[in-house]
Chemist: 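Dropping a structure here in structure tokens format, bear with me for questions.
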Amino acid sequence: MSQQPQDQVLCTIDPYQYLQITRNPDGSITRLLSLPTTAASPNANTSSPVLSKDLPLNPNNATFLRLYLPHKAITSSSSPKLPLIVYFHGGGFVLLSASSSLNHDFCSEMATQLSAVIVSVEYRLAPEARLPTAYDDAVEALHWLRTTEEKWIREFSDASSCFLMGTSAGGNMAYYVGLRVAASVDELGPLKIKGLILHQPFFGGSQRTESEVRLANNPTLPLSGGDLLWELSLPVGADRDHEYCNPTAMRDWSAKFDEIERLRWEVVLTACDGDPTIDRQMEVVKMLRSRGVKVVDHVGEGFHGMDVMELSKAGPLFNLIKGLIH
């Protein structure tokens, strides 16, 4: 795949203006854009097709889980237990929340369309908490699911049919968290992971790919914005060839891939032609297949984050996931 040096790419979009952030002297940032949020709705005495509730994960870290349960699971006495999807939201590791209206609406729609229990993880954001902190929070969420007595999990979800899913940066999380826990799945019992759903995962690298050059000024994910997100989220001093950003730069991970193959996990990766990171995503598909991992990839028309921002266009994604989890 053709790659070009960074200095040959002209991106005219101001990343700070794009992300609506300013840096602070202590290394933190001020997030200037106030995005709408939606409160959870756990009341079963409503006509809403989906119920939701927030539960603390680690109060010391201000992390929590937002659970989504199709209403029909409560009202039907004969319903089988539902697949369990652990979801990591996007936002470049820097922005958004599990309670952001975009993410709340997307997870609600997933619960309805997929007939699944969704557990959306509120993880700590960079640069205040740089990677691998988000991965650590995600693993903590899996261990919470393993031990919890929460009714929605124990009575309505099938712990033996669990999938890790994420959008954009969350797709990156699903990938790396999956690799991390693959070798220690016995420690998660009775939770049994059956696959990874990488929804337009956010990857990068120092050398530019053709899609990054072609879509450098893409309004949804401009190259300068992506670069700044990596600068803020990677460990201090790391460049974009750090393994958290560039999966092809990983070392000593072959045993992890072997374990995923042994466990017969299925990996689904969805991409779109208007996403600057599509070449990176296809590199990951190629790498996984070369390691013997079963991968289903789907490339459609659209832009980065389209299914979350425009729910009316998420049908093909939901149909693809439905074929995996049911």
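For clarity, every value in this text was computed on a predicted model and none was experimentally measured.
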Chemist: Evaluate Leu32 against Ile21 for side chain to side chain contact (heavy atoms under 4.5 Å, CB included), listing each step before the verdict.
Modeler: CA-CA 6 Å; Leu32 303 173; Ile21 62 172; 5.8 Å; no

Chemist: Is it possible for you to say whether Tyr175 and Val308 belong to one hydrophobic cluster, with membership spreading through side-chain heavy-atom contacts below 4.5 Å?
Modeler: no

Chemist: Counting only N and O atoms by type, is there a donor-acceptor contact under 3.5 Å from the side chain of Asn217 to the main-chain atoms of Thr12?
Modeler: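 Between the backbone of Thr12 and the side chain of Asn217 there is a qualifying donor-acceptor contact (under 3.5 Å).
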
Chemist: So how far is it from Ser157 OG to Ile85 CD1, rounded to the nearest 0.5 Å?
Modeler: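 CD1 of Ile85 is found 11.5 Å from OG of Ser157.
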
Chemist: Do the ring centers of Phe93 and Tyr244 come within less than 6.0 Å of each other?
Modeler: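 Here the rings of Tyr244 and Phe93 have centres that are no less than 6.0 Å from each other.
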
Chemist: Judged by atom type as modelled, is there a donor-acceptor pair below 3.5 Å linking the side chain of His298 to the main-chain atoms of Leu320?
Modeler: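 No: the side chain of His298 does not pair with the backbone of Leu320.
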
Chemist: Going through the distances and angles, do Leu198 and Thr270 end up as a side chain to side chain contact (heavy atoms under 4.5 Å, CB included)?
Modeler: CA-CA 6 Å; Leu198 313 180; Thr270 68; over 6 Å; no

Chemist: Supply the atom-to-atom distance Leu65 CG to Asp54 CG, rounded to the nearest 0.5 angstrom.
Modeler: 9.0 Å

Chemist: Sequence neighbours left out, what passes salt bridge (Lys or Arg N to Asp or Glu O under 4.0 Å) with Arg146? Give chain and number order.
Modeler: none

Chemist: Quick one: do the Asp307 and His199 side chains pair a donor with an acceptor below 3.5 Å?
Modeler: yes

Chemist: Spell out, as yes or no, whether a donor-acceptor pair under 3.5 Å connects the side chain of Glu310 to the backbone of Ser312.
Modeler: no

Chemist: Main chain of Glu150, side chain of Thr148: is a donor-acceptor contact present, judged purely on distance under 3.5 Å?
Modeler: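 At least one qualifying donor-acceptor pair exists.
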
Chemist: To the nearest 0.5 Å, what is the distance between CG on Leu188 and NZ on Lys192?
Modeler: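 Spacing of CG (Leu188) from NZ (Lys192) equals 12.5 Å.
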
Chemist: Does Lys286 come within less than 4.0 Å of Glu283, counting only side-chain N to carboxylate O?
Modeler: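 Looking at Lys286 and Glu283, the cut-off is not met.
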
Chemist: For Met165, which of Ile118, Ile321, Val86, Leu196 qualifies under side-chain contact (heavy atoms from CB on, under 4.5 Å)?
Modeler: Ile321

Chemist: For residues Lys53 and Ser41, is any side-chain donor paired with an opposing acceptor at under 3.5 Å?
Modeler: no

Chemist: Do side-chain atoms of Lys81 reach the backbone of Arg154 as a donor and acceptor pair under 3.5 angstrom?
Modeler: yes

Chemist: Should Leu19 and Ile29 be counted in the same cluster of Ile, Leu, Val, Met, Phe, Trp and Tyr side chains packed under 4.5 Å apart?
Modeler: yes

Chemist: Determine whether the aromatic ring centres of Tyr135 and Tyr123 lie less than 6.0 Å apart.
Modeler: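 No, the ring of Tyr135 stays outside the 6.0 Å limit from the ring of Tyr123, centre to centre.
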
Chemist: Indicate yes or no: does Glu301 engage Lys313 in a salt bridge with an N to O separation below 4.0 Å.
Modeler: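 Looking at Glu301 and Lys313, the cut-off is not met.
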
Chemist: Is there side-chain contact between Ile153 and Val119, with heavy atoms separated by less than 4.5 Å?
Modeler: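 Sidechains of Val119 and Ile153: in contact.
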
Chemist: Could you go through Ile193 and Val181, starting from their C-alpha distance and side-chain angles, then the distance that decides it, and tell me whether this counts as side chain to side chain contact (heavy atoms under 4.5 Å, CB included)?
Modeler: CA-CA 9 Å; Ile193 297 170; Val181 303; 3.8 Å; yes

Chemist: Under 3.5 Å, side chain of Gln20 to main-chain N/O of Gln17, donor-acceptor pair present?
Modeler: yes

Chemist: Start with the C-alpha gap between Thr38 and Ser101, add the side-chain angles, then the distance that decides, and say whether side chain to side chain donor-acceptor pair (under 3.5 Å) holds.
Modeler: CA-CA 5 Å; Thr38 301; Ser101 296; 2.8 Å; yes

Chemist: What closest approach, in Å, do Thr46 and His71 show between heavy atoms, and which atom pair accounts for it?
Modeler: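 So the minimum-distance heavy-atom pair works out to O-CE1, 2.8 Å.
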
Chemist: Side chains of Gln200 and Ser168: closer than 4.5 Å at any heavy-atom pair?
Modeler: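 Gln200 does not reach Ser168 side chain to side chain.
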
Chemist: Would a distance-only check, ignoring hydrogens and angles, find a side-chain to backbone donor-acceptor pair under 3.5 Å from Thr112 to Ser108?
Modeler: yes

Chemist: Short question: side chain of Glu266, backbone of Gly195 - any donor-acceptor pair under 3.5 Å?
Modeler: no

Chemist: To the nearest 0.5 Å, tell me how far Asp137 CG sits from Met173 CE.
Modeler: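 Interatomic distance, Asp137 CG to Met173 CE, rounded to 0.5 Å: 7.0 Å.
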
Chemist: If only side-chain N and O atoms count, and only distance matters, is there a donor-acceptor pair under 3.5 Å linking Ser97 with Ser99?
Modeler: yes

Chemist: List the steps, then state whether salt bridge (charged side-chain N to carboxylate O under 4.0 Å, His left out) holds for Glu231 with Arg130.
Modeler: CA-CA 10 Å; Glu231 181 183 337; Arg130 291 173 176 265; over 6 Å; no

Chemist: Under 6.0 Å between ring centres: does that hold for His104 and Tyr68?
Modeler: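 Yes - the distance between ring centres of His104 and Tyr68 falls below the 6.0 Å cut-off.
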
Chemist: Given side chains that start at C-beta, do those of Tyr16 and Thr22 come closer than 4.5 Å, heavy atoms only?
Modeler: no

Chemist: Counting C-beta onward and ignoring hydrogens, is there a side-chain heavy-atom pair between Phe163 and Val268 closer than 4.5 Å?
Modeler: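 No, their side chains stay 4.5 Å or more apart.
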
Chemist: Does Arg280 pair with Glu212 as a salt bridge, N-O distance under 4.0 Å?
Modeler: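 Yes, this pair counts.
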
Chemist: Kindly indicate whether the side chain of Pro70, heavy atoms from C-beta on, has any atom under 4.5 Å from the side chain of Leu82.
Modeler: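 Yes, close enough: below the 4.5 Å cut-off.
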
Chemist: Please report the shortest heavy-atom distance between Leu67 and Trp152, naming the atom on each side.
Modeler: O-CZ3, 3.7 Å

Chemist: Could you check if a side-chain atom of Pro201 sits within less than 4.5 angstrom of a side-chain atom of Leu269, using non-hydrogen atoms only?
Modeler: yes

Chemist: When rounded to the nearest 0.5 angstrom, what distance separates CZ in Arg262 from CD in Glu259?
Modeler: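 The distance works out to 4.0 Å.
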
Chemist: Does the side chain of Asn172 come within less than 4.5 Å of Phe203's, by heavy atoms?
Modeler: yes

Chemist: Is the closest basic N to carboxylate O distance between Glu128 and Arg31 below 4.0 Å?
Modeler: yes

Chemist: Only one of Asp297, Leu288, Val285, Val284 forms a side-chain contact (heavy atoms from CB on, under 4.5 Å) with Val267, so which one is it?
Modeler: Leu288

Chemist: Taking the basic N atoms (NZ, or NE/NH1/NH2) and the acidic carboxylate oxygens, is any pair closer than 4.0 Å for Asp258 and Arg291?
Modeler: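 Salt bridge flag = no for Arg291 with Asp258.
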
Chemist: Against the six-membered ring of Trp265, is Lys194 placed for a cation-pi contact (under 6.0 Å from the centre, within 45° of the normal)?
Modeler: no

Chemist: Could I get the full list of side chain to side chain contact (heavy atoms under 4.5 Å, CB included) partners for Ser211, not counting sequence neighbours?
Modeler: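 Once residues adjacent in sequence are excluded, the partners of Ser211 under the side chain to side chain contact (heavy atoms under 4.5 Å, CB included) criterion are Thr209, Arg214, Ile278, Asp279.
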
Chemist: Which atoms form the tightest heavy-atom contact between Gly302 and Asp273, and what is the distance?
Modeler: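 Between these two residues, the closest heavy atoms are N-OD1, 3.1 Å.
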
Chemist: So, taking the atom named CG in Leu35 and the one named CG in Leu102, what distance separates them when rounded to the nearest 0.5 Å?
Modeler: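 Spacing of CG (Leu35) from CG (Leu102) equals 7.0 Å.
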
Chemist: For residues Arg23 and Leu232, report the shortest heavy-atom separation together with the two atoms involved.
Modeler: NH1-CD2, 3.7 Å

Chemist: Look at the side chain of Ser233 and the backbone N and O of Leu229, then say whether any donor-acceptor pair between them is shorter than 3.5 Å.
Modeler: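 A pair under 3.5 Å: yes.
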
Chemist: Could you see if Leu215 belongs to whatever hydrophobic cluster contains Tyr18? Use Ile, Leu, Val, Met, Phe, Trp, Tyr and a side-chain cutoff under 4.5 Å.
Modeler: no

Chemist: May I ask whether Met282 and Leu221 are part of the same hydrophobic cluster, defined by side-chain heavy atoms of I, L, V, M, F, W, Y residues being less than 4.5 angstrom apart, directly or through others?
Modeler: yes

Chemist: We want to know whether Thr167 and Tyr87 form a side-chain donor-acceptor pair, criterion being a heavy-atom distance below 3.5 angstrom.
Modeler: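 Present: a donor and an acceptor within the cut-off.
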
Chemist: Among residues at least two apart in sequence or on other chains, which ones pass side-chain hydrogen bond (donor to acceptor under 3.5 Å, both in side chains) with Thr30?
Modeler: Asn24

Chemist: Looking only at the side chains, is there a donor atom on one of Thr63 and Asn58 sitting less than 3.5 Å from an acceptor on the other?
Modeler: no

Chemist: May I ask you to decide if Val139's main-chain N or O and Arg180's side chain share a donor-acceptor pair within less than 3.5 Å?
Modeler: no

Chemist: Hydrogens and angles aside, do Gln281 and Asp275 bring a side-chain donor and acceptor to less than 3.5 Å of each other?
Modeler: yes

